[in-house]
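The figures here come from the full heavy-atom set of this structure, side chains too, leaving out hydrogens, waters and symmetry mates. Numbers restart at 1 for each chain; the letters A, B, ... are given by sequence-line order, proteins then strands. All of these numbers come straight from a predicted model, not from anything done at the bench.
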Amino acid sequence: MVQLASSQKSFSAAILNWYDAHARKLPWRSPPGMQPDPYHVWLSEIMLQQTTVVTVGPYFEKFLNLWPTVHALAAASLDDVLTAWAGLGYYARARNLHKCAIAVSIEFGGQFPKDRDNLLSLPGVGPYTAAAISAIAFDKPEVVVDGNIERIVSRLYRITTPLPAAKKEITEFASKIMPRRRAGDYAQALMDIGATICTPRTPNCAACPVSRHCAAFAAGDMAQFPVKAPKKVKPTRRAVVFWLERSDGAVLLRRREEKGLLGGMMEFPSTDWGEETLSIEMAIMRLFPAHFQALAGQAAQKSLVRHTFTHFHLELQPVVTSLEAPDETILPGGQWVKPEEFGSYALPTLMNKVARAVAKG
DNA sequence: GATCCGTGGTC
DNA sequence: TGACCAAGGAT
């Protein structure tokens with residue numbers, strides 16, 4: 001470790017040389033030597049939180065087309081932002097993205113702050129994203145530590161403390177080996193290397209520009225790092241979900257609560273997501289008690305929809321029914337939408353799975 | 001520090 | 001096929 005710290009210059013030079021020759025061409029990156037648009041950097045960094053480059057690509061292009069500037073995004077409605085974000089997941093990011101755009105547009109006159117501390121005050125911008133924006137968009141020498149860099153550093157030093165407890169230790173090592181110049185390129189280089197060479201399962205050390213600095217490579221136990229705390233088992237939750245159709249073909253949707261899981265997104269009405277399995281009749285009684293007689297006889301089950309969230313499995317039992325009745329007697333906040341219009345609504349992937357199950361069988 | 005928060009790809 | 005994983009943040 002001491003040897004590596006003393007060879008910081010050789011290490012960072014190898015990283016930057018590798019980047020000059022192998023940098024990935026990504027939609028949000030500017031040509032070599034050009035300063036990127038801070039709006040593009042911010043937008044991409046928010047989208048890339050816990051999300052792969054391949055998944056983000058089309059969403060990044062869509063958002064830039066819809067809202068070319070931070071002012072345009074700030075002027076959009078939250079519902080339009082959620083609709084455009086639908087499918088990307090972690091919807092608090094979209095809510096905070098909108099809040100942040102308004103803050104930058106109003107409080108900072110449309111100019112993103114350049115320093116880490118001011119960036120940290122923005123909604124949805126945490127330690128990683130603040131450092132990344134400051135380094136990449138403004139070339140500030142900030143210590144950028146994401147999951148890739150955690151993995152690289154933990155292998156360089158064979159850090160045995162499990163994550164996330166090792167975060168502080170890793171950040172200190174990362175700080176010691178980073179260069180003073182080209183901090184943005186350096187951070188992106190490490191992330192590229194982490195994504196393509198120093199991968200989680202079987203790293204391609206033969207292609208790594210800094211394998212000679214790596215303790216885990218020397219020991220031959222790269223795959224043992226980073227050490228992570230054990231994970232908890234996911235419980236399974238179940239519910240009955242209703243595809244309630246009107247004679248004109250429109251289907252009943254409602255908006256979820258502003259906060260929490262799938263916050264602010266649209267959904268097909270369902271019973272509460274709990275541990276126990278509910279009968280169709282019981283589900284109708286829970287959600288549409290005033291129309292039990294009209295619904296119970298004609299309810300048709302479709303194939304079970306399985307979906308896994310970060311911390312639980314979900315099994316939704318779709319039920320197809322039809323109903324003609326005054327709206328106010330059906331469901332508070334319900335909204336009738338024709339399936340061909342679903343694309344312009346903020347439907348998360350789970351609900352599109354339900355629609356698919358209903359259409360098939 | 002622990003928990004909550006999506007989704008699609010991979011082995 | 002199911003667990004693991006990905007450019008984390010908020011509470």
Just the rounded figure in Å: distance from [atom2] of [N] to [atom1] of [X].
{"X": "Leu122(A)", "N": "dG9(C)", "atom1": "CG", "atom2": "C1'", "result": "13 Å"}
{"X": "Lys234(A)", "N": "dC4(C)", "atom1": "NZ", "atom2": "P", "result": "8 Å"}
{"X": "Arg151(A)", "N": "dA6(C)", "atom1": "CZ", "atom2": "C1'", "result": "9 Å"}

Can you tell me which nucleotide in dC5(C), dG8(C), dA3(C) comes closest to the side chain of Lys231(A)?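 Comparing dC5(C), dG8(C), dA3(C) against the side chain of Lys231(A), the answer is dC5(C).
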Where the side chain of Trp85(A) meets the backbone of Gly89(A), is there a donor-acceptor pair that is under 3.5 Å apart?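 Yes, because the side chain of Trp85(A) sits within donor-acceptor range (under 3.5 Å) of the backbone of Gly89(A).
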For every nucleotide of nucleotides 5-11 of chain B, 5' to 3': is a protein heavy atom under 4.0 Å from its base (B), only from its sugar-phosphate (S), or from neither (-)? BBBS--S
How far does CG of Asp20(A) sit from CG of Asp185(A), to the nearest 0.5 angstrom?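 Atom-to-atom, Asp20(A):CG and Asp185(A):CG are 7.0 Å apart.
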Using a heavy-atom cut-off of 4.0 Å across all strands, would you classify [X] as base, sugar-phosphate, or nothing?
{"X": "Arg29(A)", "value": "base"}
{"X": "Leu26(A)", "value": "base"}
{"X": "Val125(A)", "value": "sugar-phosphate"}

Between Arg29(A) and Asp192(A), is there a side-chain N and carboxylate O pair less than 4.0 Å apart?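 Salt bridge between Arg29(A) and Asp192(A), a charged N being under 4.0 Å from a carboxylate O: yes.
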Pro269(A) vs Leu252(A) side-chain heavy atoms within contact, under 4.5 Å: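 A side-chain contact under 4.5 Å exists here.
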